[in-house]
There are 4 protein chains.
Amino acid sequence: MSTSQARRGNTRQRIQDVALELFSEHGYDKTSLREIAEKLDVTKAALYYHFKTKEDIVVSLFHDLGKPCDELIVWAEGQPRTLETKKEVLSRYSEALRSAEPLFRFMQENQAAVRDLSIGETFKQRMLTLFGLLREPDTELADQVRCITALFSMHAGMFAMQNLEGDPEDKRKAILEVATELVTAANPPHRRPARPDSAQTDSP
Amino acid sequence: MSTSQARRGNTRQRIQDVALELFSEHGYDKTSLREIAEKLDVTKAALYYHFKTKEDIVVSLFHDLGKPCDELIVWAEGQPRTLETKKEVLSRYSEALRSAEPLFRFMQENQAAVRDLSIGETFKQRMLTLFGLLREPDTELADQVRCITALFSMHAGMFAMQNLEGDPEDKRKAILEVATELVTAANPPHRRPARPDSAQTDSP
Amino acid sequence: MSTSQARRGNTRQRIQDVALELFSEHGYDKTSLREIAEKLDVTKAALYYHFKTKEDIVVSLFHDLGKPCDELIVWAEGQPRTLETKKEVLSRYSEALRSAEPLFRFMQENQAAVRDLSIGETFKQRMLTLFGLLREPDTELADQVRCITALFSMHAGMFAMQNLEGDPEDKRKAILEVATELVTAANPPHRRPARPDSAQTDSP
Amino acid sequence: MSTSQARRGNTRQRIQDVALELFSEHGYDKTSLREIAEKLDVTKAALYYHFKTKEDIVVSLFHDLGKPCDELIVWAEGQPRTLETKKEVLSRYSEALRSAEPLFRFMQENQAAVRDLSIGETFKQRMLTLFGLLREPDTELADQVRCITALFSMHAGMFAMQNLEGDPEDKRKAILEVATELVTAANPPHRRPARPDSAQTDSP
DNA sequence: AATGAATGAGCGTTCATTCAT
DNA sequence: GATGAATGAACGCTCATTCAT
């Protein structure tokens with residue numbers, strides 16, 4: 001506890017924090033372990049005491065911060081496949097994204113780099129699973145697009161709208177609102193017995 | 001001139017083709033000039049005869065393949081700011097994207113890397129300009145989200161839907177349909193008649 | 001031709017020379033590419049222009065300097081399997097070893113390191129082939145030992161006797177003499193005429 | 001004390017065992033303390049509790065397992081310098097080698113690495129001493145070669161013959177037989193008054 | 001008797017880039 | 001229009017070693 005940074009057990013955590021910050025700011029490939037180490041005032045070798053490889057740091061971040069998403073999926077898979085459930089999925093997903101914003105910004109902006117990391121495939125599968133939870137099978141293409149767009153807008157929106165004015169929380173809600181609209185529109189109302197003449201056009 | 005090489009004159013073009021292919025496949029940072037040169041069966045130094053730097057290759061690609069987008073913008077800025085115009089912008093943009101798919105895939109998946117290339121800012125401005133063409137100023141947040149989502153879904157959709165079945169052209173049309181819907185919804189025509197004193201409609 | 005070392009086409013050769021010298025002096029693992037580069041007054045990267053990897057340097061040395069051995073084997077395989085041939089093999093091998101002494105010293109003293117280089121297996125096979133040329137099949141164990149010892153004494157002898165006094169050429173001849181004796185003893189000629197019913201002699 | 005670890009007191013011994021195994025299998029330089037520690041399921045720091053340095057592990061192995069050799073030398077130096085004694089030296093040395101086979105394989109295959117360990121010189125001196133016990137001073141070069149070859153064949157033979165068929169013990173005896181022959185031949189029988197027509201002289 | 005945390009030096013390798021020819 | 005040869009900087013990673021606990 002004498003030197004500048006107390007040698008407590010928080011180093012691993014600090015590495016994760018700094019790494020995520022730099023990864024999401026400068027990109028995965030452009031962020032070197034030297035940079036991370038320097039910012040932490042430790043040596044590169046210290047990073048290797050805590051993580052086997054550079055990739056391993058990302059993997060750990062993905063596991064630690066991505067947990068809410070996986071939990072959401074587990075929960076959703078136990079629910080009935082109703083529109084209500086889908087709306088709840090979107091709502092919870094929106095919150096999961098908020099809680100791990102830098103991670104998702106990183107995944108979003110470094111897709112090419114992430115693709116050949118071990119988590120690349122995992123992430124892709126997760127997205128497909130989520131997509132599977134939202135869409136109705138055997139609907140028309142446009143409905144599938146609506147679901148995918150809903151999902152992607154939640155990811156992209158967060159960063160694409162960064163240069164817009166406004167309270168982040170308001171933006172998040174607006175994004176969620178639009179996503180909900182899209183998924184609602186993608187849920188074939190014509191099957192619903194009560195409204196026989198709905199042609200999915202006037203989706204309010 | 002018999003074998004695969006020796007086609008004079010078109011080397012610059014061939015470099016662009018191969019570079020774009022590799023950039024969009026493996027990512028910008030992971031693609032080395034050595035790889036490009038090897039695939040072309042020329043030396044690295046040859047690349048430097050045609051392009052000042054690695055970045056310069058990307059810049060040239062962006063300029064050559066991005067021209068339709070800029071032309072679209074120029075055209076749109078001379079049009080009245082009607083819903084019809086906006087629909088036309090979406091339609092044309094969709095075609096521009098199709099004609100330069102690998103470039104946009106590259107831009108989409110390498111945002112972090114592109115960000116500190118000289119075209120990074122240019123690209124961002126272009127997106128903001130397009131956004132400016134679609135949105136109505138001073139509308140509620142959700143409408144802005146709709147416009148951004150429309151734009152982004154056209155980008156992301158192309159790649160996100162790659163693992164879905166179906167004819168690419170059908171998918172493109174479906175995406176365009178949804179995007180058009182979103183922009184239409186963001187353009188509150190129904191409000192205009194009822195509220196004759198609305199201040200935010202006919203902003204030049 | 002202005003700087004200290006004329007930039008002629010001999011760099012590759014110079015790398016091989018210096019590398020072999022250092023490899024055989026300090027060992028393969030202890031010799032770093034930095035050392036080699038510094039001794040040549042070039043950068044490490046220059047080594048990589050000429051050789052793909054550190055291992056590749058060794059491979060090239062083995063191929064270039066080991067050629068006489070392979071030629072010897074080719075020659076011997078076209079000869080009748082007589083004692084005279086075997087003596088000639090030893091004699092020529094002795095000269096091949098002399099002409100590439102540092103390489104063989106290196107191979108001898110870095111067996112563990114060489115083992116997981118690509119040439120490790122190649123070298124082993126070469127030795128087994130030579131052994132196959134010297135020995136009579138189906139003779140008693142001691143005769144096989146004599147042949148192996150003959151071979152090994154030529155390798156080891158050169159370096160084991162380095163700290164002994166005397167002219168190297170004299171030593172080489174003495175080693176060859178002993179090796180010849182051993183192979184002769186392993187070739188049981190005296191048994192053939194006197195004992196026509198001997199079991200292990202006339203194996204084709 | 002139930003699981004594999006927890007056998008107190010013998011850790012030092014276990015380190016030696018594992019270290020020797022890995023050193024002789026992968027080579028000295030290629031074997032890291034991490035590997036050794038992992039195989040033992042202890043930390044690297046634990047190795048440092050028992051041994052000052054990596055080199056120190058080798059030194060301890062050399063001292064512990066090389067004892068029979070040193071005892072052999074002490075014994076031999078108290079004997080008359082007769083052929084019988086020399087034969088006995090060979091025989092005992094052969095057994096000493098067998099009892100510490102991995103150590104000698106290690107020394108044999110890592111000569112370059114061993115050379116700049118502190119035991120390098122010690123080992124060399126031991127070999128020279130043994131050589132001094134076998135050779136007759138002032139004999140011709142070829143006789144000296146015979147003695148060195150005898151010694152080396154016992155080392156090298158053990159590993160060179162590993163890929164040959166046959167019972168290890170049989171091989172060892174065959175090697176010993178040849179070595180004895182060589183030393184006998186190196187012992188000038190022409191000086192012995194009783195046998196003027198010795199058989200193995202006319203070897204030119 | 002052993003660990004957890006860290007270091008400093010160095011490694012093999014790759015990269016974008018340069019320049020004389 | 002292109003090459004051969006080289007550079008300087010950096011990279012991810014591993015190593016033997018240390019030391020307070």
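The figures that follow rest on heavy atoms only: side chains count, while hydrogens, waters and symmetry mates do not. Not measured: the values here are computed from a predicted model. In what follows, chains are A, B, ... by sequence order, proteins preceding strands, each numbered from 1.
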Compare side-chain N and O positions of [X] against OP1 and OP2 of [N] and report whether any pair is under 4.0 Å apart.
{"X": "B:His50", "N": "F:dA2", "value": "yes"}
{"X": "C:Thr11", "N": "F:dA6", "value": "yes"}
{"X": "A:Tyr49", "N": "E:dA5", "value": "yes"}
{"X": "C:Arg34", "N": "E:dC11", "value": "yes"}
{"X": "B:Ser32", "N": "E:dC15", "value": "yes"}

Selected nucleotide, minimal atom distance to C:Ala45 side chain, candidates E:dA16, E:dT3, F:dT7: F:dT7
Establish, from distance only, whether the side-chain atoms of C:Ser60 and C:Gln16 form a donor-acceptor pair under 3.5 Å. yes
Minimum side-chain heavy-atom gap C:Tyr48-C:Leu33 below 4.5 Å: yes
Flag side-chain contact, heavy atom, 4.5 Å: B:Tyr28 against B:Val58: yes
Can you tell me how far [atom2] of [N] sits from [atom1] of [X], to the nearest Å?
{"X": "B:Asp29", "N": "F:dA10", "atom1": "CG", "atom2": "P", "answer": "16 Å"}
{"X": "A:Lys54", "N": "F:dT14", "atom1": "NZ", "atom2": "C1'", "answer": "17 Å"}
{"X": "D:Glu55", "N": "F:dA16", "atom1": "CD", "atom2": "P", "answer": "13 Å"}
{"X": "D:Tyr28", "N": "F:dC15", "atom1": "OH", "atom2": "C1'", "answer": "12 Å"}
{"X": "A:Ile15", "N": "E:dA6", "atom1": "CD1", "atom2": "C1'", "answer": "11 Å"}
{"X": "A:Asp56", "N": "F:dG12", "atom1": "CG", "atom2": "C1'", "answer": "13 Å"}
{"X": "B:Asn10", "N": "F:dA2", "atom1": "CG", "atom2": "P", "answer": "9 Å"}
{"X": "D:Tyr48", "N": "E:dT7", "atom1": "OH", "atom2": "P", "answer": "17 Å"}

If you pin C:Ala46 and B:Val42 to their nearest nucleotides in DNA chain F, which one's is more 5'? B:Val42
Short side-chain to backbone donor-acceptor contact, [X] and [Y], under 3.5 Å:
{"X": "D:Gln111", "Y": "D:Gln108", "value": "yes"}
{"X": "D:Thr31", "Y": "D:His26", "value": "no"}
{"X": "D:Gln13", "Y": "D:Asn10", "value": "no"}
{"X": "B:Glu55", "Y": "B:Ser118", "value": "yes"}

Should the side chain of B:Lys44 and the base of E:dT17 be counted as holding a donor-acceptor pair, with the cut-off at 3.5 Å? yes
Walking DNA chain E from its 5' end, the first of C:Thr31 and B:Glu35 to be reached, judged by nearest nucleotide, is C:Thr31
Closest to the 5' end of DNA chain E, once A:Arg12 and C:Leu33 are matched to their nearest nucleotides, is A:Arg12
Five-pair end axes of the helix from E:dA2-F:dT21 to E:dT21-F:dA2, angle between them (10°): 20°
Measure up the A:Phe123 and A:Phe62 rings against each other and bin them: parallel (under 30°), tilted (30 to 60°), perpendicular (over 60°). perpendicular
